There are 2 protein chains.
Amino acid sequence: MIAQVRRFNRLVTQRVGALTDHFLARDRPLGESRVLWEIGTAGCDLRALRSRLDLDSGYLSRVLRSLEAADLVMVTPNAADKRVRTARLTAAGLAERALLDGRSDRLATSLLAPLDDGQRRRLITAMREAERLLTAALVKIAPLDPAHAHAQHCLRAYFAELDRRFAAGFDPTRSISAEAHELRPPAGLLLVASLRSEPVGCGALKFHHDEPTEIKRMWVDETARGLGLGRRLLAELEARAAANGARVVRLETNRALVEAISLYRSAGYAEVAAFNDEPYADHWFEKQLARGAPGPRATRGMKGVP
Amino acid sequence: MIAQVRRFNRLVTQRVGALTDHFLARDRPLGESRVLWEIGTAGCDLRALRSRLDLDSGYLSRVLRSLEAADLVMVTPNAADKRVRTARLTAAGLAERALLDGRSDRLATSLLAPLDDGQRRRLITAMREAERLLTAALVKIAPLDPAHAHAQHCLRAYFAELDRRFAAGFDPTRSISAEAHELRPPAGLLLVASLRSEPVGCGALKFHHDEPTEIKRMWVDETARGLGLGRRLLAELEARAAANGARVVRLETNRALVEAISLYRSAGYAEVAAFNDEPYADHWFEKQLARGAPGPRATRGMKGVP
DNA sequence: CGAATTCTCTGACTAGTATCAGAGAATGGA
DNA sequence: TCCATTCTCTGATACTAGTCAGAGAATTCG
């Protein structure tokens, strides 16, 4: 298994990586091409560029000046915050970027060229699958304060989706509360899933003294579905509930959320009688957590993985 | 399709490529780590190192001296040819290489770690498929003189395989001849398929004035099977036969070569009565080539691919 | 044998990719 | 308002990667 991953890594980085570098670097240094590309057609703040390409500020500054000298880029102060500067492509810069785009297309085409139609289809399918799974592996799940901007984004998106999908819409004030202070230790917990430091999902716990721990706010961004993220969030929540002493977790949900319901069932949740009077709920589920419940790491990861 | 390939390329080179570099480069330059790695446990001639890593001879020499100074490598003259020098890892070098090996394993493991078992299996499957197809795309087919070392390697391997697989063994002198001069223009043609400049397959044509062109010496190395290479060789041979004016190609084969027989059938070959007295043949096939037959390139490649 | 070729090494040189410290302007909070 | 912080830029500096020309030894070929 490891050997297969390594063979794949070696082949792809050699075949694709090296080619990409040579394709992208025209007569200009690779670093400049990367910056030119990353600025994009809409322009980009320098700080965003720095963090995306992981560049030193002095280095980026120099690269930009070189691109300015070639008349490919304009750097203008940001109106809102005059410390910040925004890089934009000139007409020549846009043309150059389009050219890189074309090269990248040609590189991709050259990978497919020697194959027949059936092989191409199989390769595309395999690439799509590998891409999705590698993306899934990039998602990080960590506790976050409910007041954090990313947490707020998730919760707002969650409410918006409920409002869209519930037959009668969704009004948070009518629903059972899960305010910030209730999702913050020691009262509760909020987990946020991030992909490339953008929030793409969340899930929360509300701890109770004698009653089972409640699972709330399970949500996965549409762009991140099909990656098994819901299942990972759920497992992580269960593990943390268990670590907090819970023997049972429970949750309620609406009949419109069909994929969530099937997730709960397949994750070992059993439907039970209503245990609260949540007006938006149609189904109530409960799960017994295993005794000697494993910590959060043990539910994923391979043995010996650091 | 192109977009999918590009997304895949971007993700994999970023996720795998960048990580590989940082994993492999310990405190030493990446170039040195690569050389250390490539020398391998068995040692390696400098010329082989140079060609495999595509390095300038001066550059490699400097890198090796730096590794020698760190006591990781010994460079000794080759006994057989004193111009050639052989690099070998010292005990410390072997330890260092084992360390890189471990890091590479850990990198591979870290890619799998966040996934559950089912996802891992799917990822491995997708990687294997992508690897095979990308490898297939690396294979180059070109005419080669029958006396060339690579051509001889293929022909010897072909005979050895026939001898192994035919019930009564195989003696080339009893078979209809296809000597070097018969497979060299204008009498004939030999195509050799190469993967990373190693020969992995061949196929030949014998042209005749009034009779159909004969296909001979179709062989694919065991390590390169399942890549669609036989089909590509066959298509290329047909295209070149057509370019030489042939309307019909034909060939004979032995009943032991089941995969070849099924290839011929699926490629549009029809079984015909024996058209020669080849003692090792059990089946004779023939195919009408399309009129206005396309040149070799048109049978593969996508429109507009350079 | 002599000439051409192969292989490696050395020295000189260049471009690219950084890193670090600090300056100067702008901002935000106490 | 003052102070700490943020953002960008400049200069100094270092190292890696890679190229080129040529020398010297060994080998091969005619």
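Remember, it's a predicted structure, so these values are computed and weren't measured experimentally. Proteins get letters first, then strands, A, B, ... in listed order; numbering begins at 1 in each. Both backbone and side-chain heavy atoms feed into the values below; hydrogens, waters and symmetry mates do not.
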inquiry  = Side chains of B/Ser57 and B/Arg50 only: does a donor on one sit below 3.5 Å from an acceptor on the other?
reply    = no
inquiry  = Can you tell me if A/Arg6 has over 12 outside heavy atoms packed within less than 6.0 Å of its CZ?
reply    = yes
query = Is it true that B/Arg62 and B/Asp56 make a salt bridge, defined as a side-chain N closer than 4.0 Å to a carboxylate O?
reply = no
message = Show every side chain to side chain donor-acceptor pair (under 3.5 Å) that has at least one partner inside residues 145-155 of chain B, sequence neighbours left out.
response = B/Asp145-B/Arg184
key: Contact letters for nucleotides 11-19 of chain D, in which S counts primed atoms plus P, OP1 and OP2 and B counts the base, heavy atoms under 4.0 Å   = BB---SSBB
inquiry  = Rounded to whole Å, please give me the gap between CE in B/Met74 and P in C/dT8.
reply    = 16 Å
request  = Check ring pair (Phe, Tyr, Trp, His ring centres under 6.0 Å) between A/Tyr59 and all other residues, then give those that pass, not counting sequence neighbours.
outcome  = none
ask   = Which pairs, with at least one residue in residues 64-76 of chain A and sequence neighbours excluded, count as a side chain to side chain donor-acceptor pair (under 3.5 Å)?
value = A/Glu32-A/Ser66, A/Ser61-A/Arg65
message = In whole Å, I'd like the distance from the CG atom of A/Asp45 to the P atom of D/dC9.
response = 12 Å
query = Could you give the CG-to-P distance, from B/Leu46 to C/dT6, as a whole number of Å?
reply = 17 Å
query = Given atom CG of B/Leu64 and atom P of C/dC7, what is their separation to the nearest angstrom?
reply = 16 Å
request  = Check the distance between C/dT10's P and B/Leu60's CG and give it to me in whole angstrom.
outcome  = 12 Å
query = Where along residues 75-87 of chain B does a heavy atom fall under 4.0 Å from DNA chain D?
reply = B/Ala80, B/Asp81, B/Lys82, B/Arg83
inquiry  = Suppose we screen for side chain to side chain donor-acceptor pair (under 3.5 Å). Which residues come up paired with B/Glu38, at least two apart in sequence or across chains?
reply    = B/Arg52
message = Looking at B/Glu131, is its backbone amide N or carbonyl O close enough to the side chain of B/Thr135 to form a donor-acceptor pair, meaning the two atoms are under 3.5 Å apart?
response = yes
